[in-house]
Amino acid sequence: MNKVLVIGGGGREHAIADALHRSPQVGQIFCAPGNAGTAAIATNIGLKDTDVEGLLRFAQENQIDLTVVGPEAALAVGIVDTFRAAGLAIFGHTKLATRIESSKEFAKELMMKYDIPTAAYRSFTDYAEALAYVQGRPFPAVLKYDGLAAGKGVVIAENLEEAKAALKDMLTDSHFGDGKVVVEDFLTGPEFSFMCFVDGEKVYPMPLSQDHKRAFDGDKGPNTGGMGAYTGLPFITDEDRTFALEHILKPTAAAMCAEGCPLSGVLYAGLMKTPQGIKVIEFNARFGDPETEVVLPLIESDIFDIFAAVAHQCEPKQQLRWSNKVTMGVVLASKGYPGSYDKGIAIEGFDTVQARIYHMGTKMDNGVLKTAGGRVMMVVAEGDDIPTLKQKVYAEVAKIHCDNLFYRNDIAHWAL
Ligand code: AMP
Ligand code: GLY
């Protein structure tokens, strides 16, 4: 039986640990740092996701057979390179390959070079040049800070004033670090997420899903880490999916091999179905959050098998199999999120919920479950169709009582 270490402590990692927990090949699961949810199925260890030396020591001392990395921050500091150099099996991309997420410019250049469909763009380090370019293009303008910014580095400027403010922020105030900005054309159409396990040129697709980034109903309010997600997107046809797989995911995996930085983890394509066809909005070098929480419950084959195959660069023993059901998940977040919010508020009723609950920011305090983050938990249910499933998931969400939580009431509105 295998011992697996999961790096990270959010809902995504709870969903990964939950899928591993269902594997007949997995004996023991450790999470670093984990959360109150993973504590029920794994042993949480008090190490930060970017404490590479500490994690390496833990994995060696405890004879971990496989490590699975959740967050991009750990990949970006080179945890995979370090573990591999020490001869340990790890699922995740090398530091060089992680640039597909950590550098917008690297990703855009790659797509241009290999004809992968995406919005036209230019990149700038100089404020005046960037502003001149923006002034010569139609609004809105899409301004992307070049670097890991935890989803906060994109500004859609509706007019010149907004563009000026954002460019100043990104290029002259060094608010984010060393300034470089990608300016790209504004695309329209429904967005969806396509995640694949990737080992070099081998691409193993997962079911499609859709995230809800804005805080409030009707896609209003500030951008968040994601307020809900579902699978079973009626507006994406089989043809669309095949196009994305053959013209985006597979060529990107091949391109990364050709560039000398093959992928060895999850490639997440944030895609948009525009009137001109499917185009890439962004790549991530990891599982999406909250998409993972709705996608991984659908896996029917043994997830350890695909993680191990990618980590060891060999063929999986079994074919990946997915359920034909659909899933939907609603995130309960602290009032005030993504701005400031209170923590430590008791949560009740969750033990009566008849659906999966993935913890995102919770803490057990003397036997009482309390809020401990912006996004607190996600209720995920499974069903045959979206309308029935929506009723079911919201009925389960209503069983949770906490004075300081809010959620969106319109998850999956694009599908209805
Ligand atoms: P990103 O961090 O690249 O995913 O961008 C965050 C959000 O900004 C995306 O989910 C889109 O909703 C929006 N966005 C990014 N790029 C574009 C674009 N070229 N056109 C329209 N919207 C965009
Ligand atoms: N759900 C978007 C992300 O994980 O970046």
Side-chain angles (χ1 to χ4, degrees), residues 8 10-13 15-16 69-73 75-76 98 100-108 111 117-123 134 137-158 162-163 166 170 176 181-195 206 208-215 219-231 265-296 329 331 333 338 358 360 374-375 378 411 414:
R12 166 180 56 200
E13 288 76 18
I16 293 169
V69 186
E72 65 274 30
L75 299 171
T98 301
I100 198 156
E101 170 167 3
S102 59
S103 166
K104 300 268 186 210
E105 193 183 26
F106 174 82
K108 292 299 282 192
M111 288 186 268
T118 189
Y121 83 106
R122 275 193 53 194
S123 67
V134 167
R137 313 277 307 173
F139 280 98
V142 181
L143 313 174
K144 299 188 173 183
Y145 175 71
D146 189 32
L148 281 177
K152 295 178 192 82
V154 177
V155 173
I156 314 268
E158 300 289 345
E162 286 180 26
M170 294 176 184
F176 292 99
V181 167
V182 169
V183 181
E184 66 178 43
D185 289 354
F186 181 76
L187 303 177
T188 55
E191 285 182 64
F192 62 105
S193 308
F194 195 171
M195 299 190 285
M206 300 183 221
L208 304 178
S209 56
Q210 193 185 40
D211 183 9
H212 297 63
K213 287 193 168 127
R214 301 294 200 98
D219 293 322
K220 302 251 171 16
N223 259 321
T224 70
M227 294 298 295
Y230 65 102
T231 62
V266 170
L267 176 61
Y268 166 123
L271 304 174
M272 193 183 268
K273 183 172 174 172
T274 78
Q276 293 78 38
I278 294 177
K279 298 194 182 196
V280 177
I281 293 290
E282 64 164 344
F283 283 123
N284 290 323
R286 50 167 176 83
F287 280 110
D289 194 347
E291 289 94 329
T292 303
E293 291 93 313
V294 293
V295 168
L296 289 189
V331 172
Y358 290 124
M360 303 173 117
R375 290 187 300 166
M378 185 170 183
I411 298 307
W414 276 96

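Counting starts at 1 for both ligands and their atoms, in listed order. Not measured: the values here are computed from a predicted model.
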Student: Report, in ascending order of atom number, the atoms of ligand 2 lying under 4.0 Å from any heavy atom of Arg286.
Tutor: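 Those atoms are 3 (C), 4 (O), 5 (O).
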
Student: Hey, which atoms in ligand 2 end up nearer than 4.0 Å to a heavy atom of Gly288?
Tutor: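 Contacts of ligand 2 toward Gly288, numbered from 1: 4 (O).
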
Student: Going by distance only, is there an N or O of Glu291 that falls short of 3.5 Å from an N or O of ligand 2?
Tutor: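 Yes, since at least one N or O of Glu291 sits under 3.5 Å from an N or O of ligand 2.
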
Student: Checking Tyr268 against Glu291: is there a side-chain donor and acceptor pair closer than 3.5 Å?
Tutor: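 The answer is yes; a qualifying pair exists.
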
Student: May I ask you to check whether Ser123 and Lys108 show a side-chain donor-acceptor distance below 3.5 Å?
Tutor: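 Side-chain D/A pair, Ser123 to Lys108: absent.
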
Student: Pick one of side chain, backbone, both or neither for how Thr188 approaches ligand 1, counting any non-hydrogen atom pair under 4.0 Å.
Tutor: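 For Thr188, no heavy atom sits under 4.0 Å from ligand 1.
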
Student: May I ask you to list the atoms of ligand 1 that are less than 4.0 angstrom from any heavy atom of Lys144?
Tutor: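 That gives atoms 3 (O), 15 (C), 16 (N) of ligand 1.
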
Student: Check if Tyr268 has a non-hydrogen atom at a distance under 4.0 Å from any atom of ligand 2.
Tutor: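 It does, in that a heavy atom of Tyr268 comes within the 4.0 Å cut-off of ligand 2.
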
Student: For ligand 1, which atoms, with element, lie under 4.0 Å from some heavy atom of Glu282?
Tutor: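 Taking each heavy atom of Glu282 in turn, ligand 1 has 1 (P), 2 (O), 3 (O), 4 (O) under 4.0 Å.
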
Student: Could you establish whether Ile156 and ligand 1 come within less than 4.0 Å of each other, counting only heavy atoms on the residue side?
Tutor: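 Yes, that is the case, since the closest heavy atom of the residue is under 4.0 Å from the ligand.
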
Student: List the steps, then state whether side chain to side chain contact (heavy atoms under 4.5 Å, CB included) holds for Leu267 with Ile100.
Tutor: CA-CA 9 Å; Leu267 176 61; Ile100 198 156; 4.2 Å; yes

Student: How does Val154 reach ligand 1, if at all, at less than 4.0 Å between non-hydrogen atoms: by side chain, backbone, both, or neither?
Tutor: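 The part of Val154 near ligand 1 is the side chain, not the backbone.
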
Student: Kindly indicate whether the side chain of Ser193, heavy atoms from C-beta on, has any atom under 4.5 Å from the side chain of Leu208.
Tutor: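 No, their side chains stay 4.5 Å or more apart.
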
Student: Testing the basics here: between Phe139 and Glu158, what is the closest heavy-atom pair and its distance to 0.1 Å?
Tutor: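 Heavy atoms of Phe139 and Glu158 come nearest at CB-O, 3.4 Å.
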
Student: Go through ligand 1 atom by atom and flag the ones less than 4.0 Å from a non-hydrogen atom of Lys104.
Tutor: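 Per the distance check, 2 (O), 3 (O).
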
Student: Under 3.5 Å between some N or O of ligand 2 and some N or O of Lys213?
Tutor: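 For ligand 2, there is no N or O atom that lies under 3.5 Å from one belonging to Lys213.
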
Student: Return yes or no for this condition: an N or O of Leu187 is under 3.5 Å from an N or O of ligand 1.
Tutor: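 Indeed, backbone or side chain, Leu187 has an N or O that close.
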
Student: Can you find a side-chain donor-acceptor pair between Ser209 and Tyr230 that sits under 3.5 Å?
Tutor: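 Ser209 vs Tyr230: no donor-acceptor pair found between side chains.
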
Student: State which residue, out of Lys144, Arg122, Lys279, Arg137, fulfils the salt bridge (charged side-chain N to carboxylate O under 4.0 Å, His left out) condition with Asp185.
Tutor: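 So, applying the salt bridge (charged side-chain N to carboxylate O under 4.0 Å, His left out) to Asp185 and each of Lys144, Arg122, Lys279, Arg137, only Arg137 qualifies.
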
Student: Number the atoms of ligand 1 from 1 as they appear, then name those within less than 4.0 Å of a heavy atom of Lys213, with their elements.
Tutor: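 Reading through ligand 1 atom by atom, the close ones are 4 (O), 10 (O).
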
Student: State the atoms of ligand 1, each with its element, that fall below the 4.0 Å cut-off from a heavy-atom position in Glu184.
Tutor: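 With Glu184 as reference, the close atoms of ligand 1 come out as 16 (N), 17 (C), 18 (C), 19 (N).
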
